[in-house]
**Q** 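Dropping a structure here in structure tokens format, bear with me for questions.
Nothing here was measured: the structure is a model prediction, and the numbers come from that model. Keep in mind that the numbers below use all heavy atoms, side chains included, and drop hydrogens, waters and symmetry copies.
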Amino acid sequence: LPFATLAQTCAPDLTGGRMIETTRYVVVYRADPELIAVGRHFALEFAICPVASALPAQDVLVDARLPAHRHGMNYKATVALLPDGRYRAEGLMFHMPGLWEFVFDLRVAGKTERLTQNFVLE
């Protein structure tokens, strides 16, 4: 499905966000505030969309890493399931500019499926 169609089907309130795909899952997410700044906390609102016959995620962890520095954020995000089925990860902060990688770890049937996407912060 095209992004706009998938975003409306899976997460109607997240249109205009970004999407990460694997063969089994799609994560549609949007930053709050939309403009991420160095040294400022932000949140991610997101939805997890199983593809075809994939099982729903039982749990999810959200993190971000600086691949060039081989470490992640100085803060650990907390993730809450919202009443409408979306999620909200709070407490994220990028402490320096550079190439970051968003990491969504989905726990499904005792296994972890990792979805990642690069994000450049100037």
**Q** Considering all heavy atoms of both residues, which atom of L55 and which atom of A109 are nearest to each other, and what is their separation?
**A**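 Heavy atoms only, the tightest pair is CD1-CB, 4.2 Å.
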**Q** R24: which residues meet the salt bridge (Lys or Arg N to Asp or Glu O under 4.0 Å) condition with it, sequence neighbours left out?
**A**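 Per chain and number, R24 pairs via salt bridge (Lys or Arg N to Asp or Glu O under 4.0 Å) with E113.
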**Q** Above 12 or not: heavy atoms from other molecules or residues under 6.0 Å from CD of Q58?
**A**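 Yes, enclosed.
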**Q** If the condition is side-chain contact (heavy atoms from CB on, under 4.5 Å), which residues does P50 pass it with, not counting sequence neighbours?
**A**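 By the side-chain contact (heavy atoms from CB on, under 4.5 Å) rule, P50 matches Y25, A54.
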**Q** Identify the heavy atoms of I48 and A57 that sit nearest to each other, and give their distance.
**A**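 Nearest pair, atom of I48 first, then A57: CD1-CB, 4.1 Å.
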**Q** Side chains of residues 61-82: which donor-acceptor pairs under 3.5 Å do they make with residues two or more places apart or in other chains?
**A**
none

**Q** With rounding to the nearest 0.5 Å, note down the distance linking OG1 in T22 to CG in L115.
**A**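 Nearest 0.5 Å value for the OG1-CG distance: 5.0 Å.
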**Q** Can you name the nearest heavy-atom pair linking R107 to T112, along with the distance?
**A**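 Reported closest heavy-atom pair: NH1-OG1, 2.6 Å.
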**Q** Applying ring pair (Phe, Tyr, Trp, His ring centres under 6.0 Å), name anything that partners F102, two or more places apart in sequence or on another chain.
**A**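 With sequence neighbours excluded, F102 shows a ring pair (Phe, Tyr, Trp, His ring centres under 6.0 Å) to Y29, F94, F119, given in chain and number order.
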**Q** Report yes if some heavy atom in the side chain of V26 is under 4.5 Å from a heavy atom in the side chain of V51; otherwise report no.
**A**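 They are in side-chain contact.
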**Q** Does any non-hydrogen side-chain atom of R88 lie less than 4.5 Å from one of D32?
**A**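 Of all side-chain heavy-atom pairs linking R88 with D32, at least one is under 4.5 Å.
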**Q** What is the distance from atom NE2 of H41 to atom CE of M93, rounded to the nearest 0.5 Å?
**A**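 It comes to 3.5 Å.
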**Q** If the condition is side-chain hydrogen bond (donor to acceptor under 3.5 Å, both in side chains), which residues does R40 pass it with, not counting sequence neighbours?
**A**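 With sequence neighbours excluded, R40 shows a side-chain hydrogen bond (donor to acceptor under 3.5 Å, both in side chains) to no residue whatsoever.
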**Q** Find the distance between CZ (F104) and CD1 (I20) and round it off to the nearest 0.5 Å.
**A**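 If we round to the nearest 0.5 Å, F104:CZ and I20:CD1 are 5.0 Å apart.
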**Q** Transitive ILVMFWY cluster of L99 at side-chain heavy atoms under 4.5 Å: who else is in it?
**A**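 Via sub-4.5 Å side-chain contacts, L99 links to V120.
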**Q** For E101, check salt bridge (Lys or Arg N to Asp or Glu O under 4.0 Å) against everything at least two apart and list the hits.
**A**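 Counting only residues at least two positions away or on another chain, E101 forms no salt bridge (Lys or Arg N to Asp or Glu O under 4.0 Å).
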**Q** What is the distance from atom CZ of R18 to atom CG of L44, rounded to the nearest 0.5 Å?
**A**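 Atom-to-atom, R18:CZ and L44:CG are 10.0 Å apart.
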**Q** So which heavy atom on V103 is nearest to which on R114, and how close?
**A**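 Closest heavy-atom pair between V103 and R114: CG1-NE, 3.4 Å.
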**Q** I'd like to check the salt bridge (Lys or Arg N to Asp or Glu O under 4.0 Å) partners of D59; sequence neighbours left out, ordered by chain and number.
**A**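 By the salt bridge (Lys or Arg N to Asp or Glu O under 4.0 Å) rule, D59 matches no residue at all.
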